[in-house]
Amino acid sequence: MAIDRDAVRKIAHLARLELSEAEIELYQAQLGGILDHIEKLRELNVEGVEPLAHAAALATVHREDEPRPGLSTEDALSNAPEKIGPYFVVPRILDAP
Amino acid sequence: MSRDLLYRSARQIAADVRTGKISAAEVARAFLDRIEATDGQLKAFITLSPIAEPPNPAGPLAGVPVVLKDNLCTRDVPTTCGSKILRDYRAPYEATVVTRLRAAGATILGKTNLDEFAMGSSTENSAFFTTRNPWDLDRVPGGSSGGSAAAVAAGQACAALGSDTGGSIRQPAALCGVVGFKPTYGRVSRYGLVAFGSSLDQIGPITRDVADAALLLQVIGGPDPLDSTSLPDPPPDYLNQIERDIRGLRIGLPKEYFGEGLDSEVRARVMEALKLLESRGATLTDVELPLTPYAIATYYIVAPSEASSNLARYDGVHYGHRTEASGSLIDLYARSRAEGFGPEVRRRIILGTFALSSDRIDAYYHRAQRVRRLIARDFERAFRLVDVIAGPTSPTAAFRIGEKAADPLSMYLCDVYTVSANLAGIPGLSVPCGFTSSDLPVGLQILGRALDDLTVLQVGRAYERETGPMTRRPPLPAPSS
């Protein structure tokens, strides 16, 4: 299945992946080849078949709603590329007043 | 230290340590020497671990040197996932399987190489280097748990843990001539395994014999409150029940696993193994798994979709690589991810995002989930007629480094016999069953019913009992003393 450049560009944006024009071209071609193979699934009649999301024979598991130790703030921040006090730092997202 | 120690079973090493014949520290020293002598060529390790205090000297794995695929979280050394994005990541918690190994007395020697985020079949997608196949250094060890399989084959470790999302334990085990077992989904806690495809991922052992795989599964398996998908019932005693007479056991041979694309020498070795089991009283029956030609297509929608969602967490904010470039918050995400992820991971994120995008989700993701159910039903039907299903693990023996690197689809097709077990959640074992004329190992795959890990292990054990322990060793430099 052919997939156009703009579609690859849009998907990359949705996936929050910056791609160069050369990469867009490469992925456009490779994705097309992979999707050609995946087109096989259209040969099958799946009418009325329940989707299978998970192979485990498990119902939703419940537990008591009791407090228990979790990750400490210090541990949670221990790999942060940039932090101030107990906060993760991101670029400014609002204009200064 | 004798070469014998490097190829001794985990059962024997643990017994020798428990009875004081040898100390855990002596065992660790011998294996570290072996790693030092061979890993320059083999490149199985990303990080060596500091050897901790003498571990539990009475445990079932007392002093057994084990290595971990580097997508299993440890506190003492980084967990890189073979990715630049996690190059310096130090997990603030430890995977349940690692905690259980340590409690059983195992010595963790280090973290092994893998395809980035476990996406690949050769370790060529590692951001750091490609691991070599110990039987032929110009060939891949398989993947994604290629470092673990190569290390066990080369006598650098007695046993290893890997993870298997579409064959990533079984295929490298086959290509390196060792045993690899993917348990039933849920048998082993995934807590602390870096997520790839959460409905498919399962941790399992890589060892040199099936009884050792049973021993490791015994230690790492069982319910875990930290993983709500772990099965609630305690696992049976695999090791004590592993020896079984296979007379009357019904083995199904799916014709779809012996068709076009299967290398003739791989077919010959697998058929010899099956005939041997037949001569010991098992019956061989043809079965049909008609959905097999659709398994790869189904897998390569389901797994990348789950991956694109799981890998959204790498944002350059909470942990992992962050770009130096300035820009908006969206730019920060997009650049950090572009700089941190390698080509295959990016490709799968794009494929998964495509399959999940609102105008395509029905045609791709939901359709694949429906086919997934049909694949699971294929197995249910077959397992009404037979006790296990057997065939090749991989369509070919180890391929040359670089041979498939430029064509992602050709690499995906390596998984043709393994992905279905993950889609259906059933157990699968790869057992070495001989060599090709180019001296490359071949793996026999045994698949079983969900929850019936024991029968799968028993059949593998029956085969290795007949053939005896593998005496052939990879042509690597012998230990110095």
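Note that the structure is predicted; figures quoted are calculated from it, not measured. A note on names: the letters A, B, ... follow the listed sequences, proteins ahead of strands, and every chain is numbered from 1.
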What part of [X] gets closer than 4.5 Å to chain A, counting heavy atoms only: side chain, backbone, both or neither?
X	value
B/Arg187	neither
B/Ser308	neither
B/Tyr364	side chain
B/Ala450	neither
B/Ala424	backbone
B/Asp88	backbone
B/Leu351	both
B/Leu291	side chain
B/Ala406	backbone
B/Arg360	side chain
B/Thr298	both

Give the intermediate values and the outcome of side chain to side chain contact (heavy atoms under 4.5 Å, CB included) for residues B/Ile301 and A/Leu41.
CA-CA 10 Å; B/Ile301 294 177; A/Leu41 297 187; 3.9 Å; yes

Stepwise side chain to side chain contact (heavy atoms under 4.5 Å, CB included) check, B/Thr323 with A/Glu18: CA-CA 12 Å; B/Thr323 184; A/Glu18 192 174 87; over 6 Å; no

- Sort out for me which of A/Ile34, A/Val46, A/Val90, A/Leu44 touches chain B most, counting heavy-atom pairs under 4.5 Å.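 The residue among A/Ile34, A/Val46, A/Val90, A/Leu44 with the greatest pair count is A/Leu44.
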
How long is the span from the [atom1] atom in [X] to the [atom2] atom in [Y], to the nearest 0.5 Å?
X	Y	atom1	atom2	result
B/Tyr300	A/His37	OH	NE2	9.5 Å
B/Ile350	A/Leu14	CD1	CG	11.0 Å
B/Leu226	A/Arg68	CG	CZ	6.0 Å

Which atoms of [X] come close to chain B, meaning under 4.5 Å heavy atom to heavy atom: side chain ones, backbone ones, both, or neither?
X	result
A/Ile93	side chain
A/Ile3	side chain
A/Leu31	side chain
A/Glu82	both
A/Leu71	side chain

Close side-chain approach of A/Ser78 to B/Tyr319, heavy-atom, < 4.5 Å: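 When only atoms from C-beta onward are counted, B/Tyr319 and A/Ser78 do not touch, as no gap falls below 4.5 Å.
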
Take atom [atom1] of [X] as the centre, draw a 6.0 Å sphere, and report whether it contains more than 12 heavy atoms from other residues, nucleotides or ligands.
X	atom1	answer
A/Glu43	CD	yes
B/Lys84	NZ	no
A/Lys40	NZ	yes
A/Asp65	CG	no
A/Glu74	CD	no

- request: Go through A/Arg16 and B/Ile330 one step at a time and tell me if the side chain to side chain contact (heavy atoms under 4.5 Å, CB included) criterion holds.
  value: CA-CA 7 Å; A/Arg16 301 290 182 260; B/Ile330 299 278; 3.5 Å; yes

Quiz item: If you tally heavy-atom pairs under 4.5 Å against chain A, which of B/Pro293, B/Ser198, B/Gly425 wins?
Solution: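 It is B/Pro293.
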
Greatest number of non-hydrogen atom pairs under 4.5 angstrom with chain A, of B/His321, B/His318, B/Arg90, B/Glu339, falls to B/His318

Heavy-atom closest pair (A/Ala53 atom, B/Glu306 atom, distance to 0.1 Å) is O-OE2, 4.3 Å

Exercise for review: Write down the atom of A/Leu52, the atom of B/Leu423, and the distance for their closest heavy-atom approach.
Suggested key: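 Here A/Leu52 and B/Leu423 meet closest at CD2-O, 4.2 Å.
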
